[in-house]
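Read through the structure below, which is laid out as structure tokens, and then see the notes.
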Amino acid sequence: MIKAAGEDVSATQNERRCFVDQPILVGAVLYDPRVSVIWEIIRDFFETNHCAIDAVFYTNYEIMVRALVQGHLDIAWNSPLAWLDAERQLRGSCRAIAMRDTDRDRVSHIITKTANGLTGIENLRGKTIAVGAKDSPQATLIPLRWLQRQGLEPERDFQVRRFDVLVGKHGDHVGGELQAFQCLDRDEADASALLDLNWERWTRDGTVDPHDYRILSTTPLFDHCCFTVRADFPQEREQEFLRVLFTMRYDDPKHREMMDMEGLKAWVPGRTTGYTLLQEAVEAQHVFDEHPS
Amino acid sequence: MMLSIGVPAPEAVPSQEDLAMEGHTWTLRVCAMGGEQATVFARQHQFRVGAPVNFDRTDGAVSALEYVLGALGSDLVNGLQILARKRRVVIEQLEAVVVGELNNPLTYLGVIGETGHPGMEQVCIRVYLASPEQETTIQRLWQEMLERSPLVHTFQAAIKLELSLQVIV
């Protein structure tokens with residue numbers, strides 16, 4: 001039973017108490033056991049700041065979204081595709097309450113080998129484009145939708161070579177994306193799609209030689225992951241969660257390791273204005289047709 | 001008073017260690033020490049053990065799984081050393097690399113929807129040995145060690161155990 005806000009709170013003005021009897025259940029999809037280490041650190045951080053959370057791990061986004069919809073979870077750390085799925089199943093009765101600064105304003109690139117002489121998207125007609133897993137927003141859904149917007153229809157105007165690695169995890173890992181690039185590298189495709197952050201990382205660490213590859217086209221901006229709650233999640237619990245979340249500071253040495261592991265410099269309020277392109281992709285590519293709400 | 005070798009004098013009181021090994025059983029005590037660690041007391045020795053499995057490479061404690069893998073590797077390495085001394089075989093350098101895999105580590109973490117189990121699936125041990133002896137001598141030593149290894153016999157019945165020996169000239 002949830003205690004009413006204010007009960008058992010000490011007289012001290014600055015003291016907070018956050019429903020220790022019932023920790024906030026936060027769901028996350030786990031594709032690598034090492035990611036559990038990050039969640040342990042986050043859990044301890046929240047505990048230290050008097051807001052108990054318990055991390056619940058799922059093997060894929062479909063069952064995590066179902067858990068959120070059915071009320072088994074309070075907060076879901078959703079991929080952008082999972083956000084759209086939750087919004088669809090809850091008929092809009094949900095909120096995106098927070099995200100990483102790095103989840104905002106991302107782009108994906110369609111890259112090609114410099115030597116093959118392709119100069120623009122129109123040159124992709126009749127060619128093969130390697131993409132990530134079928135449910136990867138950044139490496140498949142959004143790039144293909146971007147090409148559709150330019151009048152290039154997959155399988156009609158160009159061939160798609162897809163790498164369905166760990167389907168269900170929405171491309172969280174980079175397996176499919178990396179395999180798509182490797183396909184291009186082997187000249188088995190004429191172009192491949194990848195997230196801008198991976199282009200930056202791979203040109204830095206030598207995976208991609210920036211002299212041999214170039215960006216052919218870049219998608220419009222889109223947003224990525226967000227913490228999602230149902231509309232009926234109590235506001236006071238949400239505010240308590242956000243209060244603690246937003247106390248993380250990149251310039252605090254105690255927080256930096258945790259934030260580096262999570263890939264952010266700041267937590268920011270959630271927004272959904274950056275999901276338009278993905279929403280178009282979902283509709284155009286009939287992503288949820290197999291799973292009607 | 002002449003005694004048969006191996007028979008303790010009647011007035012000797014068996015030690016805890018003797019009692020622990022009586023009937024060919026080994027009894028250890030394992031005590032929780034807080035901080036999600038335990039101390040193992042084995043005869044007059046003790047050692048600390050961390051979590052059953054740990055995915056944090058910076059964690060300060062040796063996990064239970066690492067102890068098991070270390071025990072397997074040590075069984076081979078020390079088994080060879082002990083036999084080499086008995087057979088008067090010269091070994092100049094000896095070490096092993098142990099690589100273990102779980103069936104599905106995500107089940108240990110309780111990931112909903114995962115299948116499989118958190119148990120060990122496979123262990124590969126490669127032993128590197130430098131010796132001036134003939135290769136046939138070393139191979140005979142290796143085979144004898146395997147035949148007499150308690151942990152090899154235990155684990156090969158349960159998991160995939162790949163053991164190999166590389167003799168370095």
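Each chain gets a letter, A, B and so on, in the order the sequences are listed, and its residues count up from 1. Only a predicted model underlies this, so the values are computations on that prediction, with no experimental measurement involved.
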Legend entry - Region of A/Val56 that comes under 4.5 Å of a non-hydrogen atom in chain B: side chain
Inset, instruction - For chain A, find its close neighbours in residues 107-120 of chain B: heavy-atom separation under 4.5 Å, sorted by number, or none. - result: B/Leu109, B/Gly110, B/Val111, B/Ile112, B/Gly113, B/Glu114
Inset, instruction - Apply salt bridge (charged side-chain N to carboxylate O under 4.0 Å, His left out) to the pair A/Asp232 and A/Arg230, showing each step before the final yes or no. - result: CA-CA 5 Å; A/Asp232 60 1; A/Arg230 290 183 317 280; 3.1 Å; yes
Legend entry - Euclidean distance, A/Lys134 NZ relative to A/Phe163 CZ, rounded to 0.5 Å: 15.5 Å
Inset, instruction - Can you label the angle between the A/Trp77 ring and the A/Trp267 ring as parallel, tilted or perpendicular, going by 30° and 60°? - result: perpendicular
Legend entry - Listed partners of B/Glu121 passing side-chain hydrogen bond (donor to acceptor under 3.5 Å, both in side chains), at least two apart: B/Asn103
Legend entry - A/Gln70 CD: over 12 foreign heavy atoms closer than 6.0 Å: yes
Inset, instruction - Give the intermediate values and the outcome of side-chain hydrogen bond (donor to acceptor under 3.5 Å, both in side chains) for residues B/Gln134 and B/Thr137. - result: CA-CA 5 Å; B/Gln134 297 273 341; B/Thr137 303; over 6 Å; no
Inset, instruction - In sequence, state the C-alpha distance, the side-chain angles, and the governing distance for B/Glu147 and B/Gln143, and then conclude on side-chain hydrogen bond (donor to acceptor under 3.5 Å, both in side chains). - result: CA-CA 6 Å; B/Glu147 283 161 19; B/Gln143 286 305 320; over 6 Å; no
Inset, instruction - Using non-hydrogen atoms and a 4.5 Å limit, figure out which bit of A/Ile63 sits close to chain B: side chain, backbone, both or neither. - result: side chain
